[in-house]
Amino acid sequence: MTAIDERVLELDPEEARRVRQERFERIGRWVLPLAIMILAIWLWDRICVWNEIPQYILPRPGVVLWTLYNDAGLLFSSLLVTLRITFLSLLLAVVGGVGLAVLFAQSKWVEMSFFPFAIVLQVTPIVAIFPLINIYVNDQTTKLLLCAWIVAFFPILSNTTLGLNSVDRNLRDMFKLNGATRWQQLRYLRLPAAMPYFLGGLKIAGGLSLIGAVVAEFVAGTTGQSSGLASRIIEAGYRLNAPRLFAALFLISLTGILIFLVLSLISHLILRRWHESALKQER
């Protein structure tokens with residue numbers, strides 16, 4: 001009998017039931033999605049076999065994995081190109097979004113004057129903006145970077161601005177009564193209060209920066225050895241090379257999941273000792 005089982009026996013029936021339920025939930029949180037994913041892959045494979053679908057229309061999962069291994073040099077070099085655009089645009093979005101949000105928090109007049117322009121950038125499709133970027137910007141990397149930055153910028157700006165403006169009014173008055181300067185209020189009160197909002201926006205912007213980089217590559221139609229994964233997808237589609245197309249899609253999806261998990265881990269590590277949202281997750 002394990003130590004956990006002995007502890008459960010010492011508890012009253014209701015508490016023992018709650019402990020068992022929490023244990024099953026912890027296991028199910030990982031087992032259920034994994035089981036569903038395995039079942040979906042098995043069904044995918046069986047559909048291809050039962051219907052005798054050619055691999056240039058719908059390849060079997062094993063063929064996709066073999067293509068991923070066989071074309072690893074080409075696909076992973078393109079992945080590095082896409083990742084470079086993704087992370088550079090995310091970095092610029094963080095710097096620009098946080099900096100502008102701080103400026104908005106210091107002056108309502110600045111916020112009222114410039115926030116509508118940020119909304120215009122957000123609601124205008126990037127495929128509509130790209131022809132203008134293509135006219136005024138000559139460097140291909142800069143074009144892609146600018147497109148991805150536009151997509152990732154607004155979540156950082158809006159969430160951080162909301163966090164900076166959501167400080168408890170009583171705490172703000174207390175800082176003023178104690179003679180705190182605007183810089184001290186920003187550093188010791190408003191920025192810590194805005195951190196959960198910023199990290200929430202960062203998780204959204206992380207995925208959007210990858211989406212922006214891929215969409216920008218599609219719109220720009222980049223080709224050659226130094227092009228990203230979107231270009232590999234376009235090239236594979238023209239050549240009816242469905243296994244390589246699916247392999248590139250798999251890499252993009254896996255990259256997006258890893259970016260979200262890493263940013264979620266960073267958020268948890270920063271908030272776990274003091275913010276209520278992270279403390280609740282540790283119960």
Side-chain angles (χ1 to χ4, degrees), residues 85-137 139 142-213 215-216 219 263-264 266-267 270-271 274-278:
I85 300 297
T86 298
F87 289 125
L88 280 177
S89 64
L90 183 60
L91 177 62
L92 291 176
V94 169
V95 174
V98 173
L100 197 56
V102 170
L103 188 60
F104 286 172
Q106 298 301 307
S107 173
K108 282 292 182 183
W109 290 105
V110 174
E111 181 180 356
M112 289 187 295
S113 299
F114 291 99
F115 198 75
F117 291 97
I119 296 176
V120 169
L121 286 178
Q122 175 65 17
V123 300
T124 306
I126 194 63
V127 293
I129 299 176
F130 185 80
L132 293 176
I133 297 176
N134 195 40
I135 293 173
Y136 300 122
V137 180
D139 184 69
T142 305
K143 294 177 185 179
L144 301 178
L145 187 59
L146 188 56
C147 289
W149 172 80
I150 290 174
V151 176
F153 170 72
F154 189 77
I156 299 288
L157 173 64
S158 60
N159 280 37
T160 307
T161 301
L162 177 62
L164 291 171
N165 292 331
S166 299
V167 177
D168 189 290
R169 189 176 300 275
N170 294 322
L171 291 176
R172 194 183 307 172
D173 292 340
M174 185 186 70
F175 269 66
K176 291 180 180 179
L177 288 174
N178 286 276
T181 63
R182 299 183 71 174
W183 165 249
Q184 290 173 327
Q185 292 182 44
L186 177 67
R187 180 181 178 184
Y188 296 109
L189 178 61
R190 306 187 79 170
L191 285 178
M195 185 60 68
Y197 295 86
F198 162 73
L199 292 172
L202 182 64
K203 287 191 286 187
I204 298 172
L208 289 179
S209 61
L210 176 62
I211 294 172
V215 171
V219 177
L263 294 178
S264 297
I266 292 173
S267 175
I270 293 175
L271 301 178
W274 64 278
H275 195 260
E276 188 67 20
S277 62

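Side chains included, hydrogens not; waters and symmetry mates left out as well; all remaining heavy atoms used.
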> Has the side chain of Thr160 got a donor or acceptor atom that lies under 3.5 Å from a matching backbone atom of Leu157?
Replying inline: no
> Is there a donor-acceptor contact under 3.5 Å from the side chain of Thr161 to the main chain of Ser158?
Replying inline: no
> Can you tell me if Asn178 uses its side chain to pair, donor with acceptor, with the backbone of Ala180 under 3.5 Å?
Replying inline: no
> What is the minimum heavy-atom distance between Asn165 and Lys108, and which atoms define it?
Replying inline: ND2-NZ, 3.9 Å
> Aromatic rings Phe104 and Phe115: how do their planes relate, parallel, tilted or perpendicular, breaks at 30° and 60°?
Replying inline: perpendicular
>> side-chain contact (heavy atoms from CB on, under 4.5 Å) for Ile156 and Phe198? Distances and angles first, verdict last.
In response: CA-CA 6 Å; Ile156 299 288; Phe198 162 73; 4.2 Å; yes
> Do you know which two heavy atoms are closest between Thr124 and Ala128, and how far apart they sit?
Replying inline: CG2-CB, 4.4 Å
> If you round to the nearest 0.5 Å, how far is NZ of Lys143 from CD1 of Ile85?
Replying inline: 12.5 Å
>> Could you tell me if the side chain of Leu208 sits less than 4.5 Å from the side chain of Phe153, heavy atoms only?
In response: no
>> To the nearest 0.5 Å, what is the distance between CG on Leu146 and CG on Leu132?
In response: 11.0 Å
>> Looking at every heavy atom in both Phe175 and Gln184, which two are closest together, and how far apart are they?
In response: CE2-O, 4.2 Å
> Under a 4.5 Å cut-off applied to non-hydrogen side-chain atoms, are Ile133 and Cys147 in contact?
Replying inline: yes
> Got a donor-acceptor contact below 3.5 angstrom from the Arg190 side chain to the Gln185 backbone?
Replying inline: no
>> What's the separation between atom CG in Leu199 and atom CG in Leu202, rounded to the nearest 0.5 Å?
In response: 6.5 Å
> Measuring from Trp149:CH2 to Ile126:CD1, what's the distance to the nearest 0.5 Å?
Replying inline: 10.0 Å
>> For a quick test of reading the model, state the closest non-hydrogen atom pair linking Val167 to Ala193 and the distance between them.
In response: CG2-CB, 3.9 Å
>> Run the side-chain contact (heavy atoms from CB on, under 4.5 Å) test on Leu92 and Leu145 for me, step by step, so that the C-alpha distance in whole Å, both residues' side-chain angles and the decisive distance to 0.1 Å come before the verdict.
In response: CA-CA 9 Å; Leu92 291 176; Leu145 187 59; 3.9 Å; yes
> For the atom pair OH (Tyr197) and CG (Leu164), what is the distance rounded to the nearest 0.5 Å?
Replying inline: 10.5 Å
> Can you tell if the side chain of Ile270 reaches within under 4.5 Å of the side chain of Ile266, non-hydrogen atoms only?
Replying inline: yes
> Between Pro196 and Pro192, which heavy-atom pair has the shortest distance, and what is it?
Replying inline: CD-O, 3.7 Å
>> Restricting to non-hydrogen atoms, name the atom on Ser89 and the atom on Ser209 that form the minimum distance, rounded to 0.1 Å.
In response: OG-CB, 3.5 Å
> Between Leu189 and Met174, is a side-chain contact (heavy atoms from CB on, under 4.5 Å) present by the stated rule, with each step listed?
Replying inline: CA-CA 11 Å; Leu189 178 61; Met174 185 186 70; over 6 Å; no
>> Could you measure the distance from the CZ atom of Phe130 to the CG atom of Leu144? Nearest 0.5 Å is fine.
In response: 6.5 Å
>> Is it the case that the side chain of Ser267 and the backbone of Leu263 share a donor-acceptor pair, with hydrogens and angles ignored and the cut-off at 3.5 Å?
In response: no
